[in-house]
Undergrad: 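Before I ask anything, here is the structure I am working with.
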There are 2 protein chains.
Amino acid sequence: MLNDRKRKILQIIIEDYIETAEPVGSRTIARKHNLGLSPATIRNEMSDLELLGYLEQPHTSAGRVPSAQAYRLYVDSMVDSMKEEPGVLTENDMALINSWYKERIRNMDDIFKSTAKILSRMTQNVSLVLANKKSTARFKYLKFLPLSDTQAIMCIVTDDGAMDNGLIDIPAGMSGSELDYLSGKMSNLLKGRRLTEINGDLLQEVYSAVSEDEVMLASLKKAISNIAAKNSEQKVFLGGAKQLLNQPEFQDVGRVKNLLGILEEEKVVKDILNAGDDSGLKVTIGSENKFTGIKDCSMVQATYRLNGQIVGTMAVLGPTRMEYRKVIAVMNYLHKYLETILKDPK
Amino acid sequence: MLNDRKRKILQIIIEDYIETAEPVGSRTIARKHNLGLSPATIRNEMSDLELLGYLEQPHTSAGRVPSAQAYRLYVDSMVDSMKEEPGVLTENDMALINSWYKERIRNMDDIFKSTAKILSRMTQNVSLVLANKKSTARFKYLKFLPLSDTQAIMCIVTDDGAMDNGLIDIPAGMSGSELDYLSGKMSNLLKGRRLTEINGDLLQEVYSAVSEDEVMLASLKKAISNIAAKNSEQKVFLGGAKQLLNQPEFQDVGRVKNLLGILEEEKVVKDILNAGDDSGLKVTIGSENKFTGIKDCSMVQATYRLNGQIVGTMAVLGPTRMEYRKVIAVMNYLHKYLETILKDPK
DNA sequence: TGTTAGCACTCTGCACACATGAGTGCTAAC
DNA sequence: GTTAGCACTCATGTGTGCAGAGTGCTAACA
């Protein structure tokens, strides 16, 4: 539908606008790029492109600005072409990323934190990183570690090698070996269950098979439901609200406030990130966004997996006039990097 | 040095300016407050106050604005008077605070999170909350929970009733009872130590008294240093960057960027909060702040303790034109509230 | 001696007119 | 199909004038 020349001109306009944030005029194009065309010809083409819905004019005597539809075309064809020759990151960029990751990684949270930081620094936009908690882990065994005469710590080990714990009340004077007997019995009965399955009823059943202390049962219930809640909780990491203020579209305080308001509501951020838990890379442009408040923004989002399981989602949120090429390249790189780290988190 | 009338006028100017963010003129004062004085008289007094350094004039024909020195006087005398009749929070405010705290408290982190949120909502400024980690806890005992043929989880129980854990490598084929023997021995030798004391050398000594497996020793060292690091780490919770944008002094994007930049650097925030680990309430006005970047802001800060130990620090950061009275009242209330909760976190 | 009315002066903010420049759309010629 | 030329539009920047708020000073008053 678009001939090569229109395509070329559209691309030039998009990239120029992404760079300068100023409406692009026909003269500018003719001057900057050696197309062998006069401004008048380019004007005619631009007029066509506007009619086709790819360009918009802020006012009569301004240059033109790409529409959401134009970005869509641009991104789609870019994603296609990137399948063949993916990376456009400079050596420098990659070195920077590597060094940032090496900086201070002690646990999973640090990995996500670093990812958020890197994403925002490299793309000059807000980054959102969502860490899914493993809710599919299965119960392996539990153990009580005595603390005092009336309290103990319950440790639950799951088959993914992780451990959770909670404080529980025990009958006064219960001995260590009694506790061990109890935990052994309970472990046998609960083995293989998902943590979320271990609700009040099941626990009641299992527990009453081995003991009958009401106080301890109650605190067990509470501790386990706490652990289950913690495990099914998603965590959000944000980065780079500051960078946003460098973008000309966010010189208006009202707009900044709007976006900051959204980012401060953890629940909203989670919803946004969970909405696109597609596989692979997803670019949402302007009003394609379902959430009010970011309808004038674009978002590039990617989920990453480990053994087929979604571990998390990362996204870059910014004005529709976003450096899509760079953002996508960074995302692709981080994606690979993360999957390597996650496989072998030494 | 200031007679009563000057004092009174100064107070009126400060409070009016805090409310309106506009320079205050002599006519306004005469109209709003029934002082029995004409604008001209007030003008004379204001002229004196300016000479004394309490007032400043943005330009010749504007009203006057309180200087840092004026705020200092205002805050000091207010803190004094609040010792007698402390609270000025409305019933409504208190109810709001209570309900926010009840909302979703499952662990310590939630308490700090809520505090940050409440502080910023109630004061319309940025809130910073620093949670000190208990680095003074003493080792009680440790226990190994087997995971696989070559791995186990090490659980360390401390005398404050908390537990930490880490993954360690064990010699292939080591039995559960061998692990128990090891942990029992080690527990006896390490009992009563601070976690930070348990460094590589001490551990080497203790461990070689009970076993000689190099791999396990290495992973033990690593796990314990991780735990010690985590325990001595301070955590920061922020709230209400959005509220800031409601303040007229932050309509300028440059200033917002400046402050956001600071808030995004966790290390800087920690430094700021740690700098004032005085006891009790501390108000820092404008250039009294030692940190560049917040020299045009004021900060109200309070540390809270549990059994004499500093548990954390909370602060409100905003323009020098801050509602000191309200901020201080909220802080006082939260202070009491928190110390109650912390004493008995049911 | 303290207080006040009056007045000239200063500065900001706003509205308005005007020129400038960038950009377009259209037409006619190549 | 391409291009030069021209009239037209609109945003932006600048200068002017005016109203309003506020001050400082002086002289009169109690």
Side-chain angles (χ1 to χ4, degrees), chain A residues 1-10 12-17 19-67 70 248-249 251-252, chain B residues 1-10 12-17 19-67 70 248-249 251-252:
Chain A
M1 38 181 262
L2 287 188
N3 63 31
D4 271 8
R5 199 168 73 182
K6 283 202 172 53
R7 262 208 149 70
K8 180 71 186 160
I9 291 178
L10 183 56
I12 290 176
I13 295 176
I14 294 176
E15 291 180 348
D16 198 87
Y17 183 65
E19 191 188 327
T20 64
E22 298 286 327
V24 187
S26 53
R27 265 185 70 100
T28 322
I29 300 178
R31 229 184 302 118
K32 275 203 200 167
H33 301 82
N34 214 343
L35 291 178
L37 294 175
S38 78
T41 311
I42 296 175
R43 268 206 295 283
N44 288 332
E45 295 288 41
M46 285 167 81
S47 181
D48 290 355
L49 283 168
E50 180 165 2
L51 228 62
L52 289 167
Y54 289 103
L55 293 180
E56 282 160 5
Q57 225 173 346
H59 58 263
T60 331
S61 73
R64 271 151 170 123
V65 162
S67 68
E249 24 274 282
Q251 291 315 94
D252 169 40
Chain B
M1 39 182 268
L2 287 188
N3 63 31
D4 269 6
R5 197 168 72 180
K6 283 200 173 54
R7 261 208 150 69
K8 181 72 187 158
I9 290 179
L10 183 56
I12 288 176
I13 295 177
I14 293 176
E15 290 180 350
D16 198 86
Y17 183 66
E19 191 188 328
T20 65
E22 298 284 328
V24 188
S26 53
R27 264 186 68 99
T28 321
I29 300 178
R31 229 183 302 120
K32 277 202 199 170
H33 300 82
N34 214 344
L35 291 178
L37 293 176
S38 79
T41 313
I42 296 175
R43 269 207 293 286
N44 288 333
E45 295 290 40
M46 284 166 82
S47 180
D48 290 355
L49 284 168
E50 179 165 4
L51 229 62
L52 290 167
Y54 289 103
L55 293 180
E56 282 159 8
Q57 223 173 351
H59 59 263
T60 332
S61 72
R64 270 142 170 133
V65 162
S67 68
E249 24 273 283
Q251 292 313 94
D252 169 38

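Keep in mind it's a predicted model, so treat the numbers as computed, not measured. Just so it is clear: chains get the letters A, B, ... in the order the sequence lines come, proteins before strands, and each one is counted from 1.
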Undergrad: Tell me whether the side-chain N/O atoms of A:T41 come closer than 4.0 Å to OP1 or OP2 in D:dT3.
TA: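 For D:dT3, OP1 or OP2 has a side-chain N or O of A:T41 closer than 4.0 Å.
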Undergrad: Can you tell me the distance, in whole Å, between the CD1 atom of B:I42 and the C1' atom of C:dA5?
TA: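 Rounded to the whole Å, the gap is 14 Å.
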Undergrad: Before you tell me yes or no, could you show the steps for A:L52 and A:L2 under side-chain contact (heavy atoms from CB on, under 4.5 Å), namely the whole-Å CA-CA distance, both residues' side-chain angles and the distance that decides it to 0.1 Å?
TA: CA-CA 9 Å; A:L52 289 167; A:L2 287 188; 3.6 Å; yes
Undergrad: Rounded to whole angstroms, how far apart are CZ on A:R43 and P on D:dC8?
TA: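 So the CZ-P distance, A:R43 to D:dC8, works out to 16 Å.
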Undergrad: Compare side-chain N and O positions of B:R5 against OP1 and OP2 of C:dT3 and report whether any pair is under 4.0 Å apart.
TA: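 True: B:R5 side-chain N/O within range (under 4.0 Å) of C:dT3 OP1/OP2.
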Undergrad: Just checking A:K6: does its NZ atom have more than 12 heavy atoms from other residues, nucleotides or ligands closer to it than 6.0 angstrom?
TA: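 Enclosed.
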Undergrad: On DNA chain C, check which nucleotide each of A:A40 and B:A40 is closest to and give me the residue with the more 5' one.
TA: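 The residue closer to the strand's 5' end, by nearest nucleotide, is B:A40.
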Undergrad: Take the protein atom CE of B:M46 and the nucleotide atom P of D:dG22, then report the distance between them rounded to whole Å.
TA: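 Computing the B:M46:CE to D:dG22:P distance gives 9 Å.
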Undergrad: Over how many whole Å does the gap from B:Q57 atom CD to D:dA21 atom P extend?
TA: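 Atom-to-atom, B:Q57 to D:dA21, this comes out as 17 Å.
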Undergrad: Compare every heavy atom of B:A62 with every heavy atom of B:Q57, then report the nearest pair and how far apart it is.
TA: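 Looking at all heavy atoms of both residues, the closest pair is NE2-O, 3.4 Å.
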Undergrad: Where the side chain of A:H59 is concerned, which of D:dA11, D:dT23, C:dT10 is the nearest nucleotide?
TA: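 In terms of side-chain proximity for A:H59, the closest of D:dA11, D:dT23, C:dT10 is D:dA11.
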Undergrad: Provide, to the nearest angstrom, the distance between the CD atom belonging to A:E22 and the C1' atom belonging to C:dG23.
TA: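 Answer to the nearest Å: 13 Å.
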Undergrad: Report the nucleotide, chosen from C:dG25, D:dC25, D:dT3, that has the shortest atom-to-atom distance to any side-chain atom of A:L37.
TA: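 The listed nucleotide nearest to A:L37's side chain is D:dT3.
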Undergrad: Short question: side chain of A:S26, backbone of A:I42 - any donor-acceptor pair under 3.5 Å?
TA: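 Answer holds: no.
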Undergrad: Can you check the B:E56 CD to D:dG22 P distance for me, whole Å?
TA: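 To the nearest whole Å, that distance equals 18 Å.
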Undergrad: Among the candidates D:dA4, D:dT9, C:dG25, find the nucleotide nearest to the side-chain atoms of A:S38.
TA: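 Nearest to the side chain of A:S38 among the choices is D:dA4.
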Undergrad: Name the residue closer to the 5' end of DNA chain D, choosing between B:P23 and A:G36 according to the nucleotide with the nearest heavy atom.
TA: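 Per heavy-atom nearest nucleotide, the more 5' residue is A:G36.
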Undergrad: Quick one: look up who C:dT27 pairs with, Watson-Crick or G-U, both distances under 3.5 Å, and put none if it's unpaired.
TA: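 The answer is D:dA4, by the H-bond criterion.
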Undergrad: Output yes when at least one side-chain N/O atom of B:S61 is less than 4.0 Å from OP1 or OP2 of D:dG20, else no.
TA: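 It does not, given that no N or O in the side chain of B:S61 lies less than 4.0 Å from OP1 or OP2 of D:dG20.
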Undergrad: Are there more than 12 heavy atoms of other residues, nucleotides or ligands under 6.0 Å from atom CG of A:N34?
TA: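 Check fails, neighbour count at 12 or below.
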Undergrad: Expressed in angstrom and rounded to an integer, what is the separation of B:E45 atom CD from D:dG24 atom C1'?
TA: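 The answer, rounded to whole Å, is 15 Å.
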Undergrad: Using OP1 and OP2 only, check whether a side-chain N or O of B:R64 sits under 4.0 Å from D:dG24.
TA: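 Looking at the OP1 and OP2 atoms of D:dG24, one of them is under 4.0 Å from a side-chain N or O of B:R64.
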Undergrad: Assess whether one donor atom and one acceptor atom, taken from the side chain of A:T60 and the base of D:dC10, lie less than 3.5 Å apart.
TA: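 In this structure, the two groups form no donor-acceptor pair.
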Undergrad: At less than 4.0 Å, is any side-chain N or O atom of A:R27 found next to OP1 or OP2 of D:dT3? Yes or no.
TA: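 Answer no for this pair, as no side-chain N or O of A:R27 is under 4.0 Å from OP1 or OP2.
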Undergrad: Rounded to whole Å, please give me the gap between CG in B:N44 and C1' in D:dA27.
TA: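 Atom-to-atom, B:N44 to D:dA27, this comes out as 14 Å.
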